[in-house]
Q: 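Have a look at the structure that comes next, please.
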Amino acid sequence: MTDYQALTDNYRTDVFFDISADLFFIAGYDGYFKKVNPAVCKLLEYSESELLAKPINSFVHPDDLERTINSRELVKNGEPLLNFENRYLTKNGNVVWLSWTSMPHFENGLVYAIAKEVTYRKKLEEERNNLLTTIKKINQDLKKITYTASHDLRSPVNNLLSVFELLDVSKIEDPETIELIEILKFTTTNLKETLNSYVDNISHQEHLNIMMEELSITEVVEKVIQSIQTQIKEAKVRIEMDFSAFDSITFNKVYLESIFINLITNAIKYTQPGVLPIIMLKTQIQNGLYQLIIADNGCGFDTEKVKNKIFGLNQKFHEHKDSHGIGLYLVYTHVTDMGGQIEVSSRVGEGTTFTITFKNYKI
């Protein structure tokens, strides 16, 4: 190699060292930097002479010092260091995260290292971890509240059932009163079963496993209709059912009952004055997709105005005394938790249609 070539190669190396956006270091086995590029000085806010004058340890965050020293010993013993992350302190006391790749040169007692600043990524990771911790605590608190409420409500429900057992309906002559008592008894029995199911589901969800079973949609709907028979009669609602496309579905029983209860009672709440309320429940198969349709001829709403808020928590689209903005949120959660999808179409004065598409349908 000629002197000119050597000079040219050195010049190109220096230029590459100087203009690189990555952080280049040459460190000695004595624990001092021997050379750094301008990117290092800019990030750490020290001049090169300041960085070379102090031990490397003086720039390392105290909490990372011990493991940094240990990693440096490994490099000095001839082991490359890959993707090692630690914190450095800038001249103004700011913390920056660096990700290192360090290669030893044993003969010269030097370590050649390239680092990238990963402060932004580490902050995102910290925010994500904090968010996950917060969500986990909220879920635990909600689970505790749900479990406590479900558990504590079972006692008064059991007391009601005991009263019905003691009640001698043979002494009651009014047929309508007897019918109302039977409805109350049936509804209370269903409430007990629902509460028991909630407690069982909460227990199983410790293992992130939602209980599933083969269900008859007809049987589930009939049970739901019977439990809200009084509301149906008062509103003079006609419910039409057609599950000829398919009737059997593998789903969570509590979820499916909750879906029907919320969508049917919503349709009853928002009937149009002067219009005979009709609710259509049917199954269909479209392009290989197994779907459940719940449609009504109620007052409807403007989907363009509410858009993505339809299934949001505490979202209300009508002023009704029993509107809490929870029902549709629960329906959406039940469907999506089971891997399905739900869509809604509605027009003011023309009613609303919900289409639930089941995932991995099983007969």
Side-chain angles (χ1 to χ4, degrees), residues 1-137 139 207-208:
M1 180 182 293
T2 66
D3 292 340
Y4 174 76
Q5 288 174 321
L7 178 62
T8 303
D9 290 341
N10 288 335
Y11 174 73
R12 289 173 178 172
T13 302
D14 288 342
V15 170
F16 178 72
F17 196 88
D18 290 341
I19 69 173
S20 175
D22 286 332
L23 312 172
F24 289 174
F25 302 80
I26 300 176
Y29 279 20
D30 59 357
Y32 283 79
F33 290 126
K34 303 304 178 183
K35 185 175 178 60
V36 297
N37 70 340
V40 175
C41 299
K42 182 178 179 180
L43 177 67
L44 298 182
E45 301 168 345
Y46 289 99
S47 66
E48 183 175 12
S49 59
E50 289 175 319
L51 289 170
L52 304 186
K54 294 181 180 180
I56 296 173
N57 291 345
S58 63
F59 304 108
V60 179
H61 192 288
D63 293 344
D64 294 343
L65 186 56
E66 183 177 353
R67 63 190 188 88
T68 299
I69 293 173
N70 292 337
S71 68
R72 191 179 298 133
E73 290 301 316
L74 294 176
V75 176
K76 288 166 64 176
N77 290 330
E79 296 184 26
L81 186 66
L82 305 176
N83 301 317
F84 175 78
E85 295 181 349
N86 65 355
R87 288 166 289 182
Y88 268 55
L89 297 173
T90 69
K91 192 171 185 178
N92 288 327
N94 296 321
V95 177
V96 292
W97 277 93
L98 302 180
S99 178
W100 295 85
T101 298
S102 302
M103 304 298 291
H105 194 275
F106 189 77
E107 292 79 2
N108 294 334
L110 296 175
V111 176
Y112 294 85
I114 299 175
K116 289 182 179 291
E117 186 192 0
V118 293
T119 307
Y120 180 70
R121 174 172 63 80
K122 298 298 288 189
K123 285 183 178 178
L124 288 180
E125 289 178 0
E126 183 180 2
E127 291 174 2
R128 182 195 63 185
N129 292 334
N130 290 338
L131 181 60
L132 289 174
T133 301
T134 302
I135 291 174
K136 183 178 180 181
K137 186 179 186 306
N139 284 339
H207 307 290
L208 300 177

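Hydrogens, waters and symmetry mates play no part in the numbers below; they use all other heavy atoms, side chains included. Computed from a prediction, not measured in an experiment: that's the story for all the values here.
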Q: Please report the shortest heavy-atom distance between Val75 and Pro104, naming the atom on each side.
A: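 Shortest heavy-atom separation between Val75 and Pro104 comes out as O-CB, 3.2 Å.
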
Q: Strictly by salt bridge (Lys or Arg N to Asp or Glu O under 4.0 Å), give each pair with a member in residues 26-45 just once, sequence neighbours left out.
A: Asp30-Lys34

Q: Using the test salt bridge (charged side-chain N to carboxylate O under 4.0 Å, His left out), find all partners of Lys123 that sit at least two apart in sequence or belong to another chain.
A: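 In terms of salt bridge (charged side-chain N to carboxylate O under 4.0 Å, His left out), with neighbours along the sequence ignored, Lys123 is linked to no residue.
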
Q: Which atom pairs, donor and acceptor, lie under 3.5 Å between side-chain atoms of residues 63-71 and protein residues at least two apart or in another chain?
A:
unit_1 : atom_1 : unit_2 : atom_2 : d
Asp64  : OD1    : Arg87  : NH2    : 2.9
Asp64  : OD2    : Arg87  : N      : 2.8
Asp64  : OD2    : Arg87  : NE     : 2.8
Arg67  : NH1    : Glu85  : O      : 2.9
Arg67  : NH2    : Glu85  : O      : 2.7
Thr68  : OG1    : Asp64  : O      : 2.6
Thr68  : OG1    : Asn86  : ND2    : 3.1
Asn70  : ND2    : Glu66  : O      : 3.3
Ser71  : OG     : Arg67  : O      : 3.4
Ser71  : OG     : Thr68  : O      : 2.7

Q: Mind listing the side-chain donor-acceptor pairs of residues 124-131 below 3.5 Å, one per line with the distance, residues two or more places apart or on another chain?
A:
unit_1 : atom_1 : unit_2 : atom_2 : d
Glu125 : OE2    : Arg121 : NH1    : 2.7
Asn129 : ND2    : Glu125 : O      : 3.2
Asn130 : ND2    : Glu126 : O      : 3.3

Q: Do Asn77 and Arg72 get their side chains close enough for a donor-acceptor pair, meaning under 3.5 Å?
A: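 There is no such pair between these side chains.
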
Q: Please list, chain by chain and in numerical order, all residues satisfying side-chain hydrogen bond (donor to acceptor under 3.5 Å, both in side chains) with Ser49, sequence neighbours excluded.
A: Ser47

Q: Rounded to the nearest 0.5 Å, how far does CG of Leu52 lie from CZ of Phe33?
A: 8.5 Å

Q: What are the two closest non-hydrogen atoms of Val36 and Phe25, and how far apart are they?
A: CG1-CD2, 3.7 Å

Q: Only pairs at least two apart or in different chains count here, so list each salt bridge (Lys or Arg N to Asp or Glu O under 4.0 Å) that has a residue in residues 104-117.
A: Asp22-Lys116

Q: Evaluate Phe59 against Leu89 for side chain to side chain contact (heavy atoms under 4.5 Å, CB included), listing each step before the verdict.
A: CA-CA 6 Å; Phe59 304 108; Leu89 297 173; over 6 Å; no

Q: Taking it one step at a time, do Val111 and Ile26 satisfy side chain to side chain contact (heavy atoms under 4.5 Å, CB included)?
A: CA-CA 6 Å; Val111 176; Ile26 300 176; over 6 Å; no

Q: Please enumerate all residues that pass side-chain hydrogen bond (donor to acceptor under 3.5 Å, both in side chains) together with Glu79, with sequence neighbours excluded.
A: none

Q: Which pairs, with at least one residue in residues 63-99 and sequence neighbours excluded, count as a ring pair (Phe, Tyr, Trp, His ring centres under 6.0 Å)?
A: Tyr88-Trp100

Q: If you take all heavy atoms of Ser20 and Ala39, which pair is closest and at what distance?
A: O-CB, 3.6 Å

Q: I need the Met103 CE to Leu81 CG distance, nearest 0.5 Å.
A: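 Atom-to-atom, Met103:CE and Leu81:CG are 10.0 Å apart.
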
Q: Give me each pair satisfying salt bridge (Lys or Arg N to Asp or Glu O under 4.0 Å) with a member in residues 52-61, each pair once, sequence neighbours excluded.
A: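 Qualifying pairs: none.
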
Q: With His61, which residues qualify under side-chain hydrogen bond (donor to acceptor under 3.5 Å, both in side chains), at least two apart?
A: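 side-chain hydrogen bond (donor to acceptor under 3.5 Å, both in side chains) list for His61, sorted by chain: empty.
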
Q: What is the distance from atom NZ of Lys137 to atom CG of Leu132, rounded to the nearest 0.5 Å?
A: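 Result: 15.5 Å between the selected atoms.
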
Q: At what distance, to the nearest 0.5 angstrom, does CG of Leu23 lie from CG of Leu44?
A: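 Interatomic distance, Leu23 CG to Leu44 CG, rounded to 0.5 Å: 7.5 Å.
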
Q: When the aromatic ring centroids of Phe24 and Tyr112 are compared, is their separation below 6.0 Å?
A: no

Q: Once side-chain contact (heavy atoms from CB on, under 4.5 Å) is applied, do any residues pair with Pro55, and if so which ones, sequence neighbours excluded?
A: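 Pro55: side-chain contact (heavy atoms from CB on, under 4.5 Å) contacts with Tyr32, Ser58.
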
Q: Can you sort out the partners of Lys91 under side-chain hydrogen bond (donor to acceptor under 3.5 Å, both in side chains), two or more places apart, ordered by chain and number?
A: Glu50

Q: Evaluate the side chain to side chain contact (heavy atoms under 4.5 Å, CB included) criterion for residues Val40 and Leu51: first the C-alpha distance (whole Å), next the side-chain angles of each, then the deciding distance (0.1 Å), finally the verdict.
A: CA-CA 9 Å; Val40 175; Leu51 289 170; 3.8 Å; yes

Q: Rounded to the nearest 0.5 Å, what's the gap from CD1 on Ile114 to OG on Ser102? Could you check?
A: 9.0 Å

Q: Closest approach of Ser99 and Asn83, non-hydrogen atoms and distance?
A: OG-CA, 4.1 Å

